[in-house]
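Report on the structure given below.
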Amino acid sequence: MKIATWNVNSLKVRLPHVLDWLAAEQPDVLCLQELKMEDSVFPLAEIQAAGYQAVFHGQKTYNGVAILSRHAAVDVIKDIPGFDDPQKRIIAATIDDVRVICGYFPNGQAVGSDKFAYKLDWLAALTEWVRDELRQHPRLVLTGDFNIAPEDRDAHPAWKDEIHVSAPERAAFVALELLGLTDAFRLFDQDDKAFSWWDYRMNAFERNFGLRIDHLLISDPLVAECRRCWTDTAPRKLERPSDHAPVLIELTK
DNA sequence: ATGGCCACTCTAAGTGGA
């Protein structure tokens with residue numbers, strides 16, 4: 001089973017890239033973030049024509065998440081239960097025997113800002129909810145755009161004490177791991193300076209000034225089955241790319 | 001590196017992203 005995550009930064013603009021990538025990589029599950037569109041205009045027909053089903057939770061201009069899958073997605077949850085939030089950032093579903101939680105974590109803008117406080121509140125609510133989800137679904141993946149680079153090696157050295165790398169954000173990431181989740185990327189040898197996002201400005205991609213902020217955290221039964229985790233930088237090289245690259249895991253079952 | 005980009009929006013500049 002192959003499970004992927006990709007912040008597409010507008011599904012309207014990136015739909016051709018997504019369809020090409022589905023055909024090339026043939027993932028069983030693809031989690032998308034930053035759709036930036038309402039459900040009424042979600043391109044369901046095009047995705048179905050590519051051989052995928054979809055559940056989605058969209059929003060105009062900002063946010064929006066979706067799970068595309070070969071097989072049916074059931075027990076769908078949208079938003080963090082009990083957390084009052086107008087921003088559409090969470091969708092969860094069970095596909096085959098794996099619980100998939102797809103999240104577009106808040107950016108936070110700047111350490112100490114109102115948006116930073118929202119990010120930490122959101123992370124705390126997420127953590128308590130995922131604890132419950134894990135009890136019900138031992139085979140679980142929490143994936144998406146976390147907007148957190150968990151360690152120094154996950155950020156270009158120019159990023160210091162800023163948003164995405166601050167101590168409170170990294171502590172929140174560790175709190176998720178302490179639920180019994182493992183950063184699949186670090187199960188395997190990886191290249192140095194392996195990132196998943198690069199700024200559109202300053203030729204950041206060509207110079208590899210990036211961050212690793214898109215993750216797949218997997219529960220212990222899936223750790224035992226995980227044989228590969230990698231970032232596919234090919235879509236970042238296309239004309240008019242998303243600023244994020246897809247990240248994938250491959251499970252033996 | 002800190003800007004210079006990109007997507008979006010009551011199609012103008014302004015907001016937000018990371």
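Treat the numbers as computed from the prediction; the structure is a model and nothing was measured.
- Within residues 190-202 of chain A, the residues having any heavy atom under 4.0 Å from DNA chain B are, by residue number, Trp197(A), Asp199(A), Tyr200(A), Arg201(A), Met202(A).
- Distance Asn147(A) CG to dG16(B) P: 15 Å, rounded to the nearest Å.
- Using a 4.0 Å heavy-atom cutoff across all strands shown, Glu34(A) reaches sugar-phosphate atoms only and no base atom.
- In this model, the phosphate group of dG17(B) is not approached by any side-chain N or O of Asn63(A) to a distance below 4.0 Å at OP1 or OP2.
- The hydrophobic cluster around Phe195(A) extends to Trp198(A), Phe205(A), counting ILVMFWY residues whose side-chain heavy atoms fall within less than 4.5 Å of a member.
- Among residues two or more places apart in sequence or in another chain, the salt bridge (charged side-chain N to carboxylate O under 4.0 Å, His left out) test is passed with Asp214(A) by none.
- With both ends at atom P, the span from dG16(B) to dA1(B) equals 28 Å, rounded to whole Å.
- Taking only side-chain atoms of Arg14(A), from C-beta outward, the nucleotide of dG16(B), dA7(B), dT2(B) with the closest atom is dA7(B).
- Cluster partners of Leu178(A), using a side-chain heavy-atom cutoff of under 4.5 Å among ILVMFWY residues and allowing indirect links, are Val174(A).
- The side chain of Tyr62(A) lies closest to dG16(B) when the candidates are dT2(B), dC8(B), dG16(B).
- The separation between Phe105(A) atom CZ and dG16(B) atom P is 22 Å, rounded to whole Å.
- Among the heavy atoms of the strands lying under 4.0 Å from Leu211(A) are primed sugar atoms or P, OP1, OP2 only; no base atom is included.
- Here, dG3(B) and dA18(B) have their C1' atoms 15 Å apart, quoted to the whole Å.
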Which donor-acceptor pairs under 3.5 Å do side chains of residues 17-26 of chain A form with protein atoms, sequence neighbours excluded?
{"residue": "His17(A)", "atom": "NE2", "partner": "Glu239(A)", "partner atom": "O", "Å": "3.3"}
{"residue": "Trp21(A)", "atom": "NE1", "partner": "Asp232(A)", "partner atom": "OD2", "Å": "2.8"}
{"residue": "Glu25(A)", "atom": "OE1", "partner": "Lys2(A)", "partner atom": "NZ", "Å": "3.0"}
{"residue": "Gln26(A)", "atom": "OE1", "partner": "Arg70(A)", "partner atom": "NH2", "Å": "2.6"}
{"residue": "Gln26(A)", "atom": "NE2", "partner": "Ala23(A)", "partner atom": "O", "Å": "3.1"}

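- The nearest whole Å value for the distance from the NE2 atom in His244(A) to the C1' atom in dC5(B) is 13 Å.
- Ser10(A) and Glu34(A) are not linked by any side-chain donor-acceptor pair at a separation below 3.5 angstrom, with hydrogens and angles left out of the test.
- Counting to the nearest Å, the C1' atom of dA1(B) and the CZ atom of Phe205(A) are 17 Å from each other.
- Between Lys12(A) and the phosphate of dA7(B), there is no side-chain N or O to OP1/OP2 separation shorter than 4.0 Å.
- Within the 4.0 angstrom heavy-atom criterion, base atoms lie near Asn107(A).
- A close approach under 4.0 Å does not occur between any side-chain nitrogen or oxygen of Arg240(A) and OP1 or OP2 of dC5(B).
- In the hydrophobic clustering (ILVMFWY side chains linked at under 4.5 Å, chained through shared members), Val13(A) stands by itself.
- Applying the 4.0 Å criterion to OP1 and OP2 of dC6(B), one finds that Ser10(A) has every side-chain N and O outside that range.
- With both ends at atom P, the span from dC10(B) to dC6(B) equals 23 Å, rounded to whole Å.
- Every residue two or more places apart in sequence or in another chain was checked for a salt bridge (charged side-chain N to carboxylate O under 4.0 Å, His left out) with Lys115(A), and none qualifies.
- Taking for each of Arg207(A) and Pro106(A) the nucleotide of DNA chain B with the nearest heavy atom, the 5'-most of the two is the partner of Arg207(A).
- Each of Asn9(A) and Ile213(A) lies near DNA chain B, and the nucleotide nearest Asn9(A) is the one positioned closer to the 5' end.
- dA12(B) and dA7(B) have their C1' atoms separated by 15 Å, with the value rounded to a whole Å.
- In this structure, Tyr104(A) reaches the sugar-phosphate backbone alone: every heavy-atom distance under 4.0 Å involves primed, P, OP1 or OP2 atoms, never a base.
- Residue contacts shown for Asp145(A) are limited to sugar-phosphate atoms, with no base heavy atom under 4.0 Å away.
- A donor-acceptor contact shorter than 3.5 Å is absent between the side chain of Lys88(A) and the backbone of Lys60(A).
- As rounded to whole Å, 13 Å separates atom P of dG16(B) from atom OH of Tyr118(A).
- Sorted by first and then second residue, the ring-ring contact (aromatic ring centres under 6.0 Å, His included) pairs with a member in residues 30-67 of chain A read Phe42(A)-Phe56(A); sequence neighbours excluded.
- Using a cut-off of 4.0 Å between Lys/Arg side-chain N and Asp/Glu carboxylate O, Asp96(A) and Arg139(A) are scored as not salt-bridged.
- A salt bridge links Asp132(A) with Arg135(A): the closest approach of a Lys/Arg side-chain nitrogen to an acidic carboxylate oxygen falls below 4.0 angstrom.
- Whole-Å rounding puts the Asn203(A) CG to dG4(B) P distance at 14 Å.
- dG17(B) and dT2(B) are spaced 23 Å apart, taking the P atom of each and rounding to whole Å.
- One interatomic measurement links the two molecules: CG of Asp243(A) to P of dA7(B), which rounds to 9 Å at whole-angstrom precision.
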Check nucleotides 9-11 of chain B for protein N or O atoms closer than 3.5 Å to its own N or O atoms and list the pairs.
{"residue": "dC10(B)", "atom": "OP2", "partner": "Lys60(A)", "partner atom": "NZ", "Å": "3.4"}

